[in-house]
Amino acid sequence: MADSFTASLLEETQDKMAKAIEHVRAEFSTVRTGRANPALVEHLGVEYYGSTVPLLQLAQFSVPDAKMLVISPYEKTVIGAIEKAITASDLGISPTNDGVVIRLGFPPLTEERRKDLVKVVRHKAEEGRVQIRNMRRHARQELEHAEKEQGVGADEVERFEKALDKMTHDEVAAVDALLTHKEQELLEV
């Protein structure tokens with residue numbers, strides 16, 4: 001019984017860590033790199049008939065070139081609200097609208113802005129690492145509880161600890177790899 005408990009606990013922890021990495025990847029996609037990318041705005045909250053709705057549900061996106069993002073609302077009446085949401089966001093981009101679509105022109109990033117964005121992604125990566133370490137701590141606490149309650153053996157605890165440490169190390173390394181890639185993307189001119 002103890003073997004199946006530790007195996008399921010490891011599997012559950014692995015799933016949670018994988019979700020944490022996906023969260024970091026999603027967070028990185030919202031950081032501007034100087035190229036037009038719908039991920040920068042698709043989750044932006046837009047006031048729509050008294051409630052806040054993600055832009056993704058109100059419009060479709062196209063990227064005619066690397067520096068231009070075109071937002072085509074499904075309803076023309078929502079253009080003003082979309083424009084207001086983009087202006088209020090921290091993207092630092094002024095939208096232009098012709099009554100049919102909204103265009104976002106992405107100017108090249110300044111060196112100072114690139115360094116600021118690198119700090120932002122490093123912070124997001126550290127949050128991801130902390131999340132993974134918290135999951136490791138939680139799994140260890142569950143094992144300690146099972147050790148007392150269910151009599152999990154010392155050998156099993158040792159195997160679990162080694163597997164958990166390796167898993168944690170691998171997942172933190174994955175976050176670091178994502179960070180390195182995003183930093184390179186931000187710093188390339």
Side-chain angles (χ1 to χ4, degrees), residues 1-45 52-57 61 63 66 69 89-92 106 109 111-189:
M1 173 163 160
D3 285 347
S4 66
F5 173 78
T6 56
S8 68
L9 183 57
L10 266 178
E11 188 176 322
E12 180 184 320
T13 305
Q14 175 72 47
D15 289 345
K16 288 179 181 177
M17 287 182 178
K19 286 178 183 167
I21 289 178
E22 280 309 307
H23 178 73
V24 168
R25 184 175 280 121
E27 287 288 309
F28 282 2
S29 73
T30 65
V31 176
R32 197 176 127 201
T33 60
R35 286 192 281 281
N37 183 351
L40 297 170
V41 294
E42 60 189 16
H43 297 291
L44 204 59
T52 304
V53 178
L55 180 54
L56 181 63
Q57 295 178 9
F61 308 95
V63 183
L69 175 65
S89 73
D90 63 352
L91 282 174
F106 288 79
L109 295 173
E111 188 65 30
E112 182 180 329
R113 182 69 177 142
R114 288 177 192 275
K115 289 178 181 174
D116 289 343
L117 291 174
V118 166
K119 289 177 187 174
V120 168
V121 294
R122 285 182 180 161
H123 179 71
K124 290 179 186 295
E126 185 55 33
E127 287 175 351
R129 288 187 207 103
V130 167
Q131 209 174 13
I132 289 169
R133 290 183 194 117
N134 286 342
M135 289 172 200
R136 174 182 60 189
R137 188 179 69 243
H138 178 72
R140 282 189 171 143
Q141 288 170 347
E142 290 223 4
L143 181 68
E144 288 172 12
H145 180 71
E147 192 176 9
K148 292 175 188 168
E149 298 293 319
Q150 300 171 4
V152 176
D155 290 344
E156 183 64 23
V157 169
E158 190 175 326
R159 276 195 299 275
F160 177 84
E161 291 276 342
K162 283 182 181 177
L164 185 64
D165 285 344
K166 181 182 180 339
M167 182 191 314
T168 303
H169 177 75
D170 292 347
E171 300 299 334
V172 167
V175 169
D176 291 342
L178 287 172
L179 174 62
T180 301
H181 177 73
K182 189 65 175 183
E183 282 180 340
Q184 289 172 346
E185 204 176 278
L186 284 169
L187 294 174
E188 82 183 27
V189 178

Next item on the list: Kindly write out the residues that satisfy side chain to side chain contact (heavy atoms under 4.5 Å, CB included) with Q141, not counting sequence neighbours, or none if the list is empty.
Entry: R137, H138
Margin query: Checking V63 now: which residues fulfil side chain to side chain contact (heavy atoms under 4.5 Å, CB included) with it, not counting sequence neighbours?
Written below: A36, P38, L69
Margin query: Looking at every heavy atom in both G45 and T52, which two are closest together, and how far apart are they?
Written below: CA-CG2, 3.5 Å
Notebook entry, point to check: How close do A20 and M135 get, heavy atom to heavy atom, and via which atoms?
Noted result: CB-CE, 3.8 Å
Inspect the contact between [Y] and [X] and indicate whether a charged nitrogen and a carboxylate oxygen are less than 4.0 angstrom apart.
X    : Y    : answer
K19  : E22  : no
E112 : K115 : no
E144 : K148 : no

Margin query: Treating K124 as the side-chain partner and E27 as the backbone partner, does any N or O pair qualify as donor plus acceptor under 3.5 Å?
Written below: no
I'd like to check the salt bridge (charged side-chain N to carboxylate O under 4.0 Å, His left out) partners of [X]; sequence neighbours left out, ordered by chain and number.
X    : result
K162 : E158
R140 : E161, D165
E142 : none

Distance in Å, [X] [atom1] paired with [Y] [atom2], rounded so as to fall on 0.5 Å steps:
X    : Y    : atom1 : atom2 : result
L9   : E12  : CG    : CD    : 6.0 Å
D116 : E111 : CG    : CD    : 10.5 Å
I132 : T13  : CD1   : OG1   : 12.0 Å
T168 : M17  : OG1   : CE    : 3.5 Å
L10  : M167 : CG    : CE    : 4.5 Å
L179 : F28  : CG    : CZ    : 5.0 Å

Side-chain donor-acceptor pairs of residues 169-178 under 3.5 Å, sequence neighbours excluded:
unit_1: D170; atom_1: OD2; unit_2: K166; atom_2: NZ; d: 2.9
unit_1: E171; atom_1: OE2; unit_2: Q14; atom_2: NE2; d: 2.8
unit_1: D176; atom_1: OD1; unit_2: R129; atom_2: NE; d: 2.7
unit_1: D176; atom_1: OD1; unit_2: R129; atom_2: NH2; d: 2.8

Next item on the list: May I have the step-by-step check of side-chain contact (heavy atoms from CB on, under 4.5 Å) for F106 and N37, ending in yes or no?
Entry: CA-CA 10 Å; F106 288 79; N37 183 351; over 6 Å; no
Item checked: V157/E147 under side-chain contact (heavy atoms from CB on, under 4.5 Å): CA gap, chis, key distance, verdict -> CA-CA 8 Å; V157 169; E147 192 176 9; 3.7 Å; yes
